[in-house]
Asker: 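Before I ask anything, let me first share the structure, which is written out below as structure tokens.
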Protein chains: 4
Amino acid sequence: MDPKERREMILDKAKKLFAEKGYHQTQISDIIREAGIARGTIYQYFKNKDDLFVRLLEKYYEKWESTVSLERDMNLAAVDPVDYFRLRIHRTLEFFAGDPDISRIYLRMGLGLHQELEAVIKKFEERIMDMIAADLSLGIRNGHVRPDLDLALAANLLAGALLRTAYYYFGTGREPPRDLEEASRKISAILSPGIFNPA
Amino acid sequence: MDPKERREMILDKAKKLFAEKGYHQTQISDIIREAGIARGTIYQYFKNKDDLFVRLLEKYYEKWESTVSLERDMNLAAVDPVDYFRLRIHRTLEFFAGDPDISRIYLRMGLGLHQELEAVIKKFEERIMDMIAADLSLGIRNGHVRPDLDLALAANLLAGALLRTAYYYFGTGREPPRDLEEASRKISAILSPGIFNPA
Amino acid sequence: MDPKERREMILDKAKKLFAEKGYHQTQISDIIREAGIARGTIYQYFKNKDDLFVRLLEKYYEKWESTVSLERDMNLAAVDPVDYFRLRIHRTLEFFAGDPDISRIYLRMGLGLHQELEAVIKKFEERIMDMIAADLSLGIRNGHVRPDLDLALAANLLAGALLRTAYYYFGTGREPPRDLEEASRKISAILSPGIFNPA
Amino acid sequence: MDPKERREMILDKAKKLFAEKGYHQTQISDIIREAGIARGTIYQYFKNKDDLFVRLLEKYYEKWESTVSLERDMNLAAVDPVDYFRLRIHRTLEFFAGDPDISRIYLRMGLGLHQELEAVIKKFEERIMDMIAADLSLGIRNGHVRPDLDLALAANLLAGALLRTAYYYFGTGREPPRDLEEASRKISAILSPGIFNPA
DNA sequence: CATGAATGAGTTTTCATTCAT
DNA sequence: GATGAATGAAAACTCATTCAT
């Protein structure tokens with residue numbers, strides 16, 4: 001097997017394992033077994049386990065970038081911006097649909113913890129989703145929320161949006177916004193129109 | 001110190017450390033040092049490291065639930081649903097603002113990897129954000145996107161929403177949607193109205 | 001066993017092994033087997049293998065210092081300087097006689113290489129000694145060298161003196177002496193009087 | 001390049017590296033990089049790393065032997081024995097001066113340990129030298145020791161002589177001398193005359 | 001309950017050597 | 001002879017957990 005191919009093969013096996021078991025739970029032993037190579041061989045292609053992981057992220061980051069950026073070729077002036085937005089969403093979904101492992105890795109689910117702990121986390125997340133979905137469902141019954149809303153989808157969109165923003169505001173060491181009232185208003189202004197019926 | 005108090009104290013020190021260094025990087029040694037207790041003592045309060053971590057998640061999950069759920073007391077019939085939505089967002093922000101450690105832990109940033117790896121991930125995430133923000137900025141210049149949009153905020157909301165949904169669809173082992181076209185349309189229908197100027 | 005005692009015990013077993021097999025050939029596994037402790041235990045007493053070795057050197061350096069320095073208490077004014085010199089030599093011999101392992105470690109014989117290589121080195125050294133001894137023997141027969149000279153002893157003294165000086169001059173990065181002629185004269189002036197018959 | 005030349009070239013590069021970093025710290029990778037040859041090639045010239053090292057020692061041992069032995073040609077009957085002694089010392093110094101790497105290798109400084117450990121050892125050795133030099137210095141002030149003595153030189157000669165003898169007596173597995181008193185007297189008898197003023 | 005010395009399974013990484021090309 | 005990718009035995013070190021005091 002030529003070296004380039006072998007390198008890719010190792011990355012591929014590693015990807016699968018990292019997605020499945022996470023970074024810490026995936027051992028070099030697992031990777032070499034899966035790849036059918038000797039212990040030392042992996043260190044000829046990658047400096048160490050970290051390096052291997054970083055190369056993996058890099059590779060798929062670049063893949064993502066080129067996948068999603070394809071529409072750069074399009075005639076932006078001619079296309080409807082909302083269509084363009086939808087197309088980008090589509091491309092992103094396609095990217096992850098085509099490689100579920102990567103979505104697992106990038107979205108951290110496979111990164112951190114061993115299965116038991118992951119399970120606990122998932123339970124919590126589901127409860128949060130349920131709560132949001134319940135709210136939306138109530139809203140539909142009360143005639144406030146668009147009746148054709150896909151509840152699970154909307155719950156995920158909202159939770160994802162909100163949690164990431166909370167992390168961005170409070171978890172990264174940035175100066176958090178002084179006026180949470182105003183921040184909430186801005187967030188609501190972005191998310192409400194697609195959720196609620198027009199007044 | 002009475003046992004209950006000590007237990008809470010340990011949880012508190014552990015929370016700080018988990019938020020700072022992540023689950024794997026935080027060692028029992030760190031926790032006992034920080035808590036000023038003996039190595040064996042921690043096992044008097046928690047079955048093991050995992051148990052300690054799960055108790056932590058549980059505790060703050062419950063705190064979050066009660067914080068965010070306060071408005072259950074409100075007269076839902078009387079309050080405008082969009083105001084209610086905004087209020088929930090506000091409460092959520094307050095919860096995380098009041099305990100940034102928790103946002104770090106819950107949002108996984110502190111969970112998985114050691115600093116160097118985290119840094120690589122962050123770099124990628126920033127590039128993704130930048131790309132989204134650039135798109136939005138272009139949209140504003142072209143008159144398609146609401147001109148008062150907070151770019152960084154919107155980029156986080158969109159990225160968070162989309163990535164979580166991708167994970168929900170493709171990373172959790174659920175049956176993914178057959179028609180990605182339709183999924184994109186539904187996502188766009190929810191997110192676009194708050195982003196773009198009305199046609 | 002109390003911790004202090006155990007630490008000393010480990011140092012003691014390690015000393016024996018380092019003297020026997022050298023630093024690199026002595027493995028942590030050897031030490032813990034010899035000491036009858038668990039793998040992790042040794043790391044409670046020493047940061048790592050290097051640290052263990054350095055502590056060992058330190059310990060015996062201090063021991064040497066106090067052994068050899070005892071005569072500091074003596075009334076220097078009253079004692080004959082040559083006697084004093086002889087006493088110091090005596091003390092040094094006693095120190096090493098009392099702990100041959102240490103002489104092996106300090107004198108580097110046990111430090112570096114595995115047995116086979118050591119053997120090669122020793123062969124060379126013996127040839128050097130022989131050559132010196134042959135010279136001296138010839139000198140005795142010719143009536144130039146003190147007839148009561150202990151040949152092996154003198155050969156060791158001369159070789160040790162000369163090699164160390166060569167290393168001091170040329171192997172340590174110091175500015176070497178410009179005039180080797182003069183250096184030789186000075187060395188000879190020190191070593192000859194004890195070797196040769198008075199003219 | 002012809003095979004013989006190449007072999008010498010490899011030995012030469014290896015010598016430099018062994019002197020610099022010691023046997024264990026010098027890796028085959030270092031040698032082939034320095035020599036500009038392929039990994040496998042070195043095994044065409046030497047059976048293994050040990051063999052390479054032994055050949056190196058052999059080569060320079062022979063060089064030393066022929067350098068130092070040149071005076072065998074001299075008319076021994078005609079030359080003053082002390083001059084002869086001085087000449088030999090001179091030749092030895094010249095040999096090592098001409099190839100400091102070899103002095104480093106032979107004198108073990110480069111053999112054994114990595115830099116940090118070497119540094120610790122050197123510190124101890126310097127302290128020993130200092131102690132000897134201090135003694136000598138005191139002797140000069142008191143009028144016992146020859147006032148023109150080169151202190152550093154004398155300290156090295158004495159330390160070298162004594163340590164090697166200690167090793168010879170106690171570190172090599174030989175039957176050590178029963179009477180250390182007598183051994184000290186013999187050593188002193190050899191070393192004193194060149195150090196002290198005649199009574 | 002509290003303590004902390006002891007444990008040992010588990011993991012990464014190194015590096016001399018081989019051998020098919 | 002030369003090459004360099006592949007090998008795998010070997011070694012140091014980690015760290016959650018236990019248990020006698």
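To find a chain, count down the sequence lines: A is the first, B the second, and so on, and within it residues start at 1.
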Asker: To the nearest Å, give me how far apart NZ (A:K4) and C1' (F:dG4) are.
Answerer: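 Answer to the nearest Å: 17 Å.
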
Asker: Please give, in whole Å, the distance from E:dT21 P to A:D2 CG?
Answerer: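 So the two atoms are 15 Å apart, to the nearest Å.
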
Asker: How long is the line joining CD of D:E5 and C1' of F:dG1, in whole Å?
Answerer: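 After rounding, the reported distance stands at 16 Å.
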
Asker: With C1' as the reference atom in both, quote the distance from F:dT21 to E:dC1 in angstrom, rounded to an integer.
Answerer: 13 Å

Asker: Taking atom C1' of E:dA6 as reference, at what distance in whole Å does atom CD1 of C:I10 sit?
Answerer: 11 Å

Asker: Can you find a pair of side-chain heavy atoms, one from B:F18 and one from B:I31, that are under 4.5 Å apart?
Answerer: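 B:F18 vs B:I31: side chains touch.
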
Asker: Can you check the B:I31 CD1 to E:dG4 C1' distance for me, whole Å?
Answerer: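 Atom CD1 in B:I31 sits about 17 Å away from atom C1' in E:dG4.
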
Asker: Looking at B:G22, is its backbone amide N or carbonyl O close enough to the side chain of B:T26 to form a donor-acceptor pair, meaning the two atoms are under 3.5 Å apart?
Answerer: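 Yes; judged by distance alone, with no hydrogens or angles, the pair exists.
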
Asker: Report the residue (A:T41 or C:I42) whose heavy-atom-nearest nucleotide on DNA chain E is the more 5′ of the two.
Answerer: C:I42

Asker: Does a side-chain N or O from B:Y45 land closer than 4.0 Å to OP1 or OP2 of E:dA2, or not?
Answerer: yes

Asker: Would you indicate what B:R6 reaches in the nucleic acid, counting non-hydrogen atoms under 4.0 angstrom: base, sugar-phosphate, or nothing?
Answerer: sugar-phosphate

Asker: For DNA chain E, list all stems, counting runs of three or more consecutive pairs where every pair is Watson-Crick or G-U wobble with both distances under 3.5 Å.
Answerer: E:2-21 with F:2-21

Asker: Taking A:K21 first and then A:D30, would you say they form a salt bridge - that is, a charged N and a carboxylate O separated by under 4.0 Å?
Answerer: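 Yes.
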
Asker: Considering only side-chain heavy atoms of C:A38, which listed nucleotide, E:dT3, E:dT7, F:dA6, is closest?
Answerer: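 Output: E:dT7.
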
Asker: Validate the cation-pi geometry between D:K49 and D:Y23: distance from NZ or CZ to the six-membered ring centre under 6.0 Å, angle to the ring axis within 45°.
Answerer: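 The answer is yes, since D:K49 meets both limits relative to D:Y23.
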
Asker: Find the distance D:D51:CG to E:dA16:P and express it as a whole number of Å.
Answerer: 15 Å

Asker: Begin from the C-alpha positions of C:D99 and C:K63 and carry the test salt bridge (charged side-chain N to carboxylate O under 4.0 Å, His left out) through to its verdict.
Answerer: CA-CA 11 Å; C:D99 202 337; C:K63 219 172 197 168; 5.5 Å; no

Asker: Show each protein N/O and nucleotides 16-20 of chain F N/O combination with a separation under 3.5 Å, one pair to a line.
Answerer:
{"residue": "F:dA16", "atom": "OP2", "partner": "B:I28", "partner atom": "N", "Å": "3.0"}
{"residue": "F:dT17", "atom": "OP2", "partner": "B:Y43", "partner atom": "OH", "Å": "3.2"}
{"residue": "F:dT17", "atom": "OP2", "partner": "B:K49", "partner atom": "N", "Å": "3.0"}
{"residue": "F:dT17", "atom": "O4", "partner": "B:R39", "partner atom": "NH1", "Å": "3.2"}

Asker: Would D:K59 and D:E8 satisfy side chain to side chain contact (heavy atoms under 4.5 Å, CB included), going step by step from the backbone distance to the final call?
Answerer: CA-CA 10 Å; D:K59 173 178 170 177; D:E8 290 307 302; 2.5 Å; yes

Asker: Take atom CZ of D:R33 and atom P of F:dG4, then tell me their distance rounded to the nearest Å.
Answerer: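 That distance rounds to 14 Å.
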
Asker: For B:Y60 and B:I102, work out which heavy atoms get closest and say how close.
Answerer: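 The answer is CG-CD1, 3.2 Å.
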
Asker: Below 4.0 angstrom, N of the basic side chain to O of the carboxylate: do D:D51 and D:R55 qualify?
Answerer: yes

Asker: Verify the distance criterion only: is there a donor paired with an acceptor across the side chains of B:S29 and B:R39 at less than 3.5 Å?
Answerer: yes

Asker: Expressed as a whole number of angstroms, how long is the span from A:Q25:CD to E:dT12:C1'?
Answerer: 15 Å

Asker: Within the structure shown, what part of the strands sits under 4.0 Å from A:F46 by heavy-atom distance: base, sugar-phosphate, or nothing?
Answerer: nothing

